[in-house]
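None of these values were measured; they are calculated from a predicted model. All values below were derived from every heavy atom in this structure, side-chain atoms included, with hydrogens, water molecules and symmetry-related copies excluded.
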Amino acid sequence: MNVGSGRHKSNGTLRIKSLAERRANRPKRVYIMPSDAESKYKEATKFQETKCSFHQVKITSFCNNCGNFVCNVCKQPAHGHDGHDFMSATEKTNELKELVREHKMMIAERALNPVKRSISEINSIQYNMESNCDDLIRAVDEREQELIREIEKCSRRLKADIERKQIKYSPALASKLANLEDSKIKIDNELKSCDNIIYSGNSYDLLAWINSSSLSLDFNSAPISIRAPLQYEFHIHRPFYVEELFGKIRQLRVLLSHNNIKVTNSRKYDIYLENVVARKDCIWINKTGCFVSLKPKTGQEIDRKVCSVCPSSFVVTTSGEIIYTIPHEHNIYKTTQAMTVKLKHTYPYSPSGLCLAISGGFYVTLHKEKSDGKIVRYFNEDSKDWLELACYRERKSLLKMPTKITENGNKDVWVIDAVSASVFAINSVGKFKFEFKGSEKNFEPVGICTDCRHNVLISDFRNKLIDILADDGQLLSSIKLERLGISRPMGLCITKDGELCVGQGNGWMHFIRYSQ
């Protein structure tokens, strides 16, 4: 029995050991709790794990008087909470959590959501920009090819002009060269004759030679003048731009068509034509007590608007309203079909010149006695929003008494200053660009306007000229008006047909075709 029981005991022990080994080698099961269940579990057990900081036991209540969580030991009278109001720690914890949730929602609504919307808008803009890259590249390539074609076309035109010039000047140069060679032979013969009589003749021979010689050479005659052909100058030491090439082409066109400039129409009025304004298909002038619009070709009156006094300058808006200045009243007025209203009182400055701005509103020049002048741009026809432009160079104001003003196509402002007898060009924010002092001495600018090529035309009253400047300040041409029968150029404007309208102080109005 002992042996048998021992044998059975040994077998049981072996079975228990093998079962333990199999359980030990069995892979352990890992339970992965979901994120939301895990957060709820942590939220539920966090309070259970919180212990009192004094007694290291679980907190059970919240003291409303002390504003702190306490345990059962702290609630005893010996610990200073006798007679205090307590509430459940769980309820207080849930209340605090609700406050945190409200704060979280407020942050998400007021801070996070706007940031997300901004990020979404930026991503949308970036996506649109990336999607438009191909279109932009294609447009740039097309523009590049267009510029290349224009350059090739201009190059062919320049070469043709150069060949025509060579053909034109070659016979004349050959004839003048032959005359110069004949003169050289005569001079050589005369020099040899002088040498022979000096070294071989006596006094009587010298006297006889001088009396008999007619001295065929005329030393007082003017030398032969040779006019060189037109040259095209391209400097290799500075960058070359397509705009510069186009500017030279424009200059060449104006110079070549100078002899073809002519007056197409003339008309006499009994007024002082200092201001002429082109608007659509008519010309506006100011008579005593009214503004009158006329047809350029026939002179027929189209419209008439009442004006109490003679203005210094005026412009006509796209809606047909007239804005004008009265310097001695320090006022700017606007006239409509129904009434005349005062737009602005500019005291102590006196308003003078006016011009419409391309991007809306208008410019006005202001001057004051014993003070610098200035330019003000009003961004709308009601003159509520405005910007003051001061023209400075080397910290000195250039405007003393600005009068007429205009704006060309690239939004540069050109203004005449009566004191310095100059025309200044500034950009749209008042930065000085360049100054023009006339093509001849005693420059007296009176009128100014711009054409569709962004060129600026200036009437020189004293020299009886019309100076034409490119938008970069380069002098393109000067139209001499005396040969056209114009002696007092003042007001200028460009008609719808591209003709230059010139108003004179004696009342004559002339229309000039000055370009192709």
Note to self: For S313 versus L354, what's the shortest heavy-atom pair and its separation?
What the structure shows: OG-N, 3.4 Å

Note to self: If I take atom NZ from residue K368 and atom OG1 from residue T346, how far apart are they, to the nearest 0.5 angstrom?
What the structure shows: 11.5 Å

Check: For N331 and Y333, what are the C-alpha separation, side-chain angles and deciding distance, and is it a side-chain hydrogen bond (donor to acceptor under 3.5 Å, both in side chains)?
Finding: CA-CA 6 Å; N331 289 331; Y333 293 94; 3.1 Å; yes

Note to self: Given 3.5 Å as the limit, does a donor-acceptor pair link the side chain of D451 with the main chain of V456, or not?
What the structure shows: no

Margin query: Any side-chain to backbone donor/acceptor pair from N123 onto I119? Under 3.5 Å, distance only.
Written below: yes

Note to self: Whether K374 engages the ring of Y349 as a cation-pi pair (distance to the six-membered ring centre under 6.0 angstrom, angle to the ring normal within 45°) should be assessed.
What the structure shows: yes

Check: So, for F436 and F443, is the gap between ring centers shorter than 6.0 Å?
Finding: yes

Next item on the list: Before giving the answer on side-chain hydrogen bond (donor to acceptor under 3.5 Å, both in side chains), spell out for S350 and H367 the whole-Å C-alpha distance, their side-chain angles and the decisive distance to 0.1 Å.
Entry: CA-CA 5 Å; S350 298; H367 61 85; 4.9 Å; no

Margin query: Within this structure, what is the CZ-CD distance for the pair R149 and E144, rounded to the nearest 0.5 Å?
Written below: 11.0 Å

Checklist line | More than 12 heavy atoms of other groups within 6.0 Å of K268 NZ | finding: yes

Item checked: Salt-bridge contact R143-E146 (side-chain N to carboxylate O under 4.0 Å) -> yes

Notebook entry, point to check: Among all residues two or more places apart in sequence or in another chain, which pass the side-chain hydrogen bond (donor to acceptor under 3.5 Å, both in side chains) test with E482?
Noted result: K464

Note to self: Please evaluate residues L492 and I458 with respect to the criterion side chain to side chain contact (heavy atoms under 4.5 Å, CB included), reporting the C-alpha separation (whole Å), side-chain torsions for both, the decisive distance (0.1 Å), and the verdict.
What the structure shows: CA-CA 8 Å; L492 300 178; I458 306 168; 5.6 Å; no

Check: Does T325 offer a backbone N or O that forms a donor-acceptor pair with the side chain of S312 under 3.5 Å?
Finding: no

Margin query: Within this structure, what is the OG1-OH distance for the pair T264 and Y514, rounded to the nearest 0.5 Å?
Written below: 12.5 Å

Next item on the list: Please answer whether the main-chain N or O of K297 pairs with a side-chain N or O of R267 as donor and acceptor at a distance below 3.5 Å.
Entry: yes

Next item on the list: Using modelled atom types only, decide if a donor and an acceptor are shared between the side chain of S118 and the backbone of P114 within a distance under 3.5 Å.
Entry: yes

Check: side chain to side chain contact (heavy atoms under 4.5 Å, CB included) between N455 and L469: does it pass, once the steps are laid out?
Finding: CA-CA 6 Å; N455 297 330; L469 305 181; over 6 Å; no

Item checked: Centroid-centroid under 6.0 Å between W414 and F434 rings -> yes

Notebook entry, point to check: With no hydrogens and no angle check, is any side-chain donor or acceptor of S478 less than 3.5 Å from a backbone partner on D467?
Noted result: no

Notebook entry, point to check: Does a side-chain heavy-atom distance below 4.5 Å link V277 with I283?
Noted result: no

Next item on the list: State whether the number of non-hydrogen atoms from other residues, nucleotides or ligands found under 6.0 Å of E369 atom CD is greater than 12.
Entry: no

Notebook entry, point to check: Can you name the nearest heavy-atom pair linking L387 to S428, along with the distance?
Noted result: CD2-O, 4.5 Å

Check: Does S420 offer a backbone N or O that forms a donor-acceptor pair with the side chain of S422 under 3.5 Å?
Finding: yes

Checklist line | Closest non-hydrogen atom pair, G373 against P402 | finding: CA-CD, 3.9 Å

Next item on the list: Show your reasoning for whether side chain to side chain contact (heavy atoms under 4.5 Å, CB included) applies to K344 and V376.
Entry: CA-CA 12 Å; K344 198 72 176 179; V376 176; over 6 Å; no

Margin query: Please give me the minimum heavy-atom distance between K334 and I323, naming the atom from each residue.
Written below: CG-CG1, 4.2 Å

Item checked: From NZ (K280) to OG1 (T495), nearest 0.5 Å -> 16.0 Å

Notebook entry, point to check: Do R138 and V140 have side chains that get closer than 4.5 Å, going by heavy atoms?
Noted result: no

Notebook entry, point to check: Considering residues, nucleotides and ligands other than R377, do more than 12 of their heavy atoms fall under 6.0 Å from its CZ?
Noted result: yes

Next item on the list: Could you tell me if the ring centre of Y392 sits under 6.0 Å from that of F432?
Entry: no

Next item on the list: For the residue pair V364 and I405, establish whether any side-chain heavy-atom pair is separated by less than 4.5 Å.
Entry: no

Notebook entry, point to check: Would a 4.5 Å heavy-atom cut-off, applied to side chains only, mark I494 and E499 as touching?
Noted result: no

Next item on the list: Answer yes or no: is there a donor N or O on one side and an acceptor on the other, between the side chain of D385 and the main chain of F379, under 3.5 Å?
Entry: no

Check: Where the side chain of H345 meets the backbone of H330, is there a donor-acceptor pair that is under 3.5 Å apart?
Finding: yes

Next item on the list: Take M339 and V341 through the test side chain to side chain contact (heavy atoms under 4.5 Å, CB included) and record every step on the way to the result.
Entry: CA-CA 7 Å; M339 58 187 301; V341 296; 3.4 Å; yes

Check: Which residue pairs satisfy the salt bridge (Lys or Arg N to Asp or Glu O under 4.0 Å) criterion with at least one member in residues 302-313, sequence neighbours excluded?
Finding: E301-R304

Check: Got a donor-acceptor contact below 3.5 angstrom from the R279 side chain to the V316 backbone?
Finding: yes

Check: Got Y272 and M490 here, is their nearest side-chain heavy-atom distance under 4.5 Å?
Finding: yes

Notebook entry, point to check: Under 4.5 Å between any side-chain heavy atoms of D460 and P445, yes or no?
Noted result: no

Notebook entry, point to check: With a 4.5 Å heavy-atom cut-off, do L366 and I375 have their side chains touching?
Noted result: no

Next item on the list: For the pair E98 and R101, find out whether any cationic side-chain nitrogen is under 4.0 Å from an anionic carboxylate oxygen.
Entry: yes

Check: Could you state the interatomic distance from NZ (K411) to NE2 (H454), rounded to the nearest 0.5 Å?
Finding: 11.0 Å

Check: Please, which pairs that meet salt bridge (Lys or Arg N to Asp or Glu O under 4.0 Å) have at least one residue in residues 429-440, sequence neighbours excluded?
Finding: R393-E435, D412-K433, E435-K437

Next item on the list: Kindly indicate, with the supporting measurements, whether the criterion salt bridge (Lys or Arg N to Asp or Glu O under 4.0 Å) is fulfilled by K400 and D372.
Entry: CA-CA 5 Å; K400 301 301 179 183; D372 296 331; 3.0 Å; yes

Check: Of all heavy-atom pairs between S293 and C282, which one has the smallest distance, and what is that distance?
Finding: CB-SG, 4.1 Å

Note to self: Just so I know, are the side chains of V423 and I448 near enough to count as touching, which here means a heavy-atom distance under 4.5 Å?
What the structure shows: yes

Check: Taking all atoms of both residues into account, what is the closest heavy-atom pair of G447 and S459, and its distance?
Finding: N-OG, 2.7 Å

